[in-house]
Amino acid sequence: MSEKSVFETVTGELDFPSEEAKIAAFWKANDIFARTLSADSRATGPSKGPFVFYEGPPTANGMPHNGHALTRSIKDVVPRYKTMCGYDVPRKAGWDTHGLPVEVEVEKDLGIHGKAEIEAYGIKPFVQKCIESVFRYTEAWERNTELIGYWLDTENAYVTYHQSYIESVWWALSELHKKGLLYRGHKVCWWWPQGGTALSAAEVGWNYKSVEDPSAFVAFELEGEPGTHLCVWTTTPWTLPSNGYAAVRGGLDYVVCDWKDGKKLIVAAALREGLAKKLGLELTVLVSLKGRDLVGRRYVPCMDTFGALRDAKADLKEGGAAPLYWRVLDADFVTLDAGTGIVHIAPAFGEDDNNAHKLELRRYREPDEVPLLCAVGPDGKMTAEAGAFEGLWIKDADPKILADLDARGLLVFSEKYRHDYPYCWRADEDPLMQLARPAWYIRTTDRIGDAIANNQAVTWLPEHIKDGRFGDFLRNNVDWALSRERYWGTPLNVWVCEGCGAEHAPASVAEIEQRNPHAFDAFRAARAADPSLNEHLIVHKPWIDEVTLPCEACQGTMRRVTEVIDCWFDSGCMPFAQLGFPHKEGSQAEFSQRWPADFISEAIDQTRGWFYSLLMISTLVFDEATCERLGLGKRSYPHPYKACVVLGHVGDREGKKESKSKGNYTPPDIILERVRIEFAPVSPDDPAVQKLLRGKPVEAGAVYAAREDYEGLDLTGDEAHVMMYRGDRHDDARPMTLKALKGLPRRVLVMAPEDAASLSVKPNAQGLAVKVVDVPRLPQNERVFVEDPTRPAPGADAFRWFFYASSPPWTNTRHSLSNVRLLQKDFLIKLRNVYSFFVIYANIDGFDPAKVTANPMAQRSILDRWIASEVALTVREVKKHLDGFGIYEASQRIVDVVDALSNWYVRRSRSRFWAPAGDATLAADKLDATTTLYESLVTLSKLIAPFVPFFAEGLYQNLVRRAWPDAPQSVHLVAYPDADESLIDESLAAEMRAVRELVSLGLQVRSDNRLRVRQPLGRADVVVSDRALAASLASYGPLIAEELNVHEVRWLEPGQEAGAVHYRLKPNFRALGPRIGKKVQALKQALERADAARLHAELSREGKVVVDVEGEGIDLSGEELDIAVVASEGFAAAGGRTGVVVLHTELTPELRDEGLARDVLAKVQQKRKDLGLAFTDKLALTIYGSERIMRVVEAARSTIAEEALCASLVVAPLTDAPATAAIFAIEAEELALDGTKA
RNA sequence: GGGCCAGUAGCUCAGUUGGUUAGAGCGCACGCCUGAUAAGCGUGAGGUCGGCAGUUCAAAUCUGCCCUGGCCCA
């Protein structure tokens, strides 16, 4: 049969990771990725030009996790697809290297914290440490990149701390400065007074405490209306000296009420009663008014702190002047939840307060001239402005201020109030305070209309981001607080003259040197003395702080402001900074080509991060005039990205956020490499463990882990056989039995002392208290791996596929080993089985696609044409979806076609593949089948290449490259398949769908009636609802007959089968609803009662029927009625949408004999298997049996001999059987088999 | 407290221009098949579509309120 094997046998073993490793090595050795970047080295035809993708830089300071696996899977599939479609898709890697997290890590390493300690340590060595620590996880990242098959140009990665990158960022800032969009203001942040540093939002969240603070109601007397007071509420009396405004909400109702001694109070109407109760007063309402009636009114400050400013005014933009402070404002953050509906505003404290103040400032011509009211120092003590309170710690000032107000009759009421308040997470006793710090801003609100217009042009996936989360953020935009009072970041490139205050924002080192040729002498000298000094530090603190410039206006000295900038600004500059634009030679042409991006994608948390910084910077920097000036031509929105796929988060199997400290995450390696988890061994003698064991002994060879860890390894049942080894002794693995113990924390393992001894590990001293995060950092002899050796890890393709096929990428994903395996089975393993099936038979027949030619498709069998059509349809659909970034939808189509291939095409075609070689007709048909399957698999290998690049490559190498060694070297170098429209046959597809449903119905009938498929039946009657379809299905009779194992299929009309089937008529609601409205329900009832057969006959005769509904005749066309056939009760029948299948169930002796023959054949096949025969081995067989067996076997002799590849077949009475032969019973008959390899 | 997203079978998820038998896979039960074989396949049970109201001839789908979870913001 076989001359030689063209294809390499597909191994039975499912070890995807090791196969993937081989593919990865192949790519590396042959430089495949680099070759996909240019049309010259691809086989995809002439270049279609660039398809621009931007890599959002991950921070190199942390480890890659499952969320990154998601983003990287998505970010990889699109460029791979576009590359195969003929586009050039450069993918420059990038690293986000600045920011507080880096500083915090270094602080941890150095065992210091706080700015004071950093400065004591020295900023130079500190920054040096920062730059060194940035890439501490590079190895892990590169490994992740390679393992997951994320193709990225890592060699030429952009790095945000590089000089060229920083100079690009400087250029952008310099542009903004020239446009007047950069200004100095104040930013309210959470401030740690004792430490003298601001805390990030995340840090603030780490330590909220429930505390008691004063709750005070204070009277602000209205100007020009002595005795009438606004009643305001505050829990921070220490901010009252810095009061600037009172805020109401314009739309709310307020009342003026009688307070005491003829004085009046104004409060929100809804809160009057509550206040009256507190005060024990009536607070009789005198006048009602709206909040907006109060807006603009001035009041007397309750403290005289900034008395000098009482009458100060500032010029308004629209002319005239307005007093600065102590006015009533309208603010929408005013609520009726607590207080009085009138809010005390201290612009220096509280973000709402400061924003309200900033809104006021916008009215002035010179907003920067307006001083900020602040009577508290950064040390948390009252300043000289606070007069008598000077030097008091804020909390100590509270009671004194209240007493002062009380003495002056301005304290309406005070009490204690319990609420949550943030404390410093490093110094538990220190409360934080909100404090306005001097800060640099970008005036984004000035150009917010442009940003909104830009956003409107972006294609967002999912769509709701555009007007939802992102649109909202833009609509509520506040100016971008750019500066950070830190050390490790891009230095803000603004130099200010000591003399005249002039500002200059140079765009590069060269520009600085032009003004001051000696600017960098100090750094260069330092570097000459110490060559280990990183060259890029030339543009960093503290060296850059030493650079001065001469002032062009007054010849004074200009010094740089001390701040660094928000690292979101760094990453937002990436479209041009990655190219060193505009400074770098040639960057202009390159940028022009690579801007804007066609596609970016990151997780949803980037909405206010990278998505925002990209869009905002691009909007501000690249306005029309600037584009023109830079020679970029006219560019319309959107930029810098046209489409953005917003990804969801990856959660654990319960949908909870994966967290390292909780340990509820699936380590990526468990998917990508080996099914194992690291544990800390603990002793069963630990009292805490004893409690959980409840007297259960821990025997040698048995270990206990948390149920979550047990399930995390995808183990089922009560116990599992696993291998265990010490962290550094993989070769010394011991078999153990793992059990789950309820209540055990994650990542600890209870083991008997003798097991611990045999593994040379020692129980953890902390016992159950050991922290999950610390387990991987324990000494080697305190760590053990538990590995499930029975099933290899699913691998990278499976991991990737999980993200594509489990749900649309913007929904949150529940991730676990078992979920990944589930989807893998559904697609990769199924496809691999088909592939393996193909290789087995192709090799048996010596099939070589390069040397033989099958019939043209039009002449091949219906199954061949069908699957070819399905594949072509799939190609068409997949491309359509991918063009719109519909990755999930595309993957579903792929799953469907693989199912069609495996579950129908191969299943229905199996016998064709083992047709004997002698028969010319059958041989030709076999060649058709083999070729069709081959072509399908080759197309699929290309179709799935962007999704599962490793497996696709394996397919391609074996199927294509072995037959055509000159073919393009990799599947990733070839063109993405085009749907061959000539192969698409939509009606064939519909027919086959119907056939599959009819078969399903037939099998349902067999199942319902306990008629096994092996027992042939005489006849199946099929009634199809749709007449047109019925006619075209006739030719599928033999196929259905074979699948249902019946002798004959008859296509019937209802009525022909003695009541087994009848019609049911229903209104077509979609069609009739609009026409007859309410009456459809009555019509439905009428149709149920009517004689369906008569109506149906009338409809086919006349083309319409008239039905009487509530005394009114309604004309109905065929279109307006749904006609279904249904199976009647009491028949061996089943019905669905397509039609009804009725089986004739009576068994004649002949049919019984046929069934018996099939049973015998099954036993023979089992015998072949028992003998270990290969698919092509011949069998010498003797069948011993009863008289009936002998008769039946004789009758089926040729079938049995052929099906079971018998070289000889002897039939003999059972009495002749050798004594050793096993006797089988089928029904009442007995037989024995004797066979050997022929 | 606000915004956005989600809630559909035991589990993981599809499904909306509103249209009358709400789908798939896994798991489970029963069974088939035995030349893809430590594979393959079928059938079935299982759903008040988170709850309550409303709009409509008709609601998983539209509207309002509420509950639960996630994310972002405060």
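Just the heavy atoms: all of them, side chains too, but no hydrogens, waters or symmetry mates, feed the values below. Proteins come first, then strands; the chains are lettered A, B, ... in the order of their sequence lines, and each starts at number 1. Not measured: the values here are computed from a predicted model.
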Using Watson-Crick and G-U wobble pairs with both distances under 3.5 Å, what is the 5'-to-3' dot-bracket string of RNA chain B, with [ ] for crossing pairs and | for pairs outside the strand?
(((((((..((((.....[...)))).(((((.......))))).....(((((..]....)))))))))))).

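- Listed by residue number, the members of residues 1167-1174 of chain A with any heavy atom below 4.0 angstrom from RNA chain B are A:K1169.
- Contact annotation for A:V906: base contact, defined as any heavy-atom pair under 4.0 Å involving a base atom.
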N/O contacts under 3.5 Å, protein versus nucleotides 60-62 of chain B?
none

Close N/O contacts between protein and nucleotides 4-10 of chain B (under 3.5 Å):
residue	atom	partner	partner atom	Å
B:C4	O2	A:R469	NH2	3.1

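- The existence of a salt bridge linking A:D1177 and A:R1168 is excluded, since no basic side-chain nitrogen approaches an acidic carboxylate oxygen closer than 4.0 Å.
- Across all strands, A:P808 comes closer than 4.0 Å only to sugar-phosphate atoms, never to a base (heavy-atom distances).
- OP1 and OP2 of B:A36 both lie 4.0 Å or more from every side-chain N or O belonging to A:R832.
- Ring geometry for A:F473 versus A:Y612: interplanar angle over 60°, hence perpendicular rather than tilted (30 to 60°).
- Phosphate contact (OP1/OP2 of B:G35, side-chain N/O of A:Q1165, threshold under 4.0 Å): present.
- Between A:Y835 and B:A36, a side-chain N or O to OP1/OP2 separation shorter than 4.0 Å is absent.
- With sequence neighbours excluded, the residues forming a side-chain hydrogen bond (donor to acceptor under 3.5 Å, both in side chains) with A:E1042 are A:R908, listed by chain and number.
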Atom pairs under 3.5 Å: protein N/O with N/O of nucleotides 39-43 of chain B:
residue	atom	partner	partner atom	Å
B:A39	O2'	A:N833	OD1	3.4
B:C41	O3'	A:N903	OD1	3.1
B:G42	OP1	A:N903	ND2	2.9
B:U43	OP1	A:S1000	OG	2.0
B:U43	O2'	A:S1007	OG	3.4

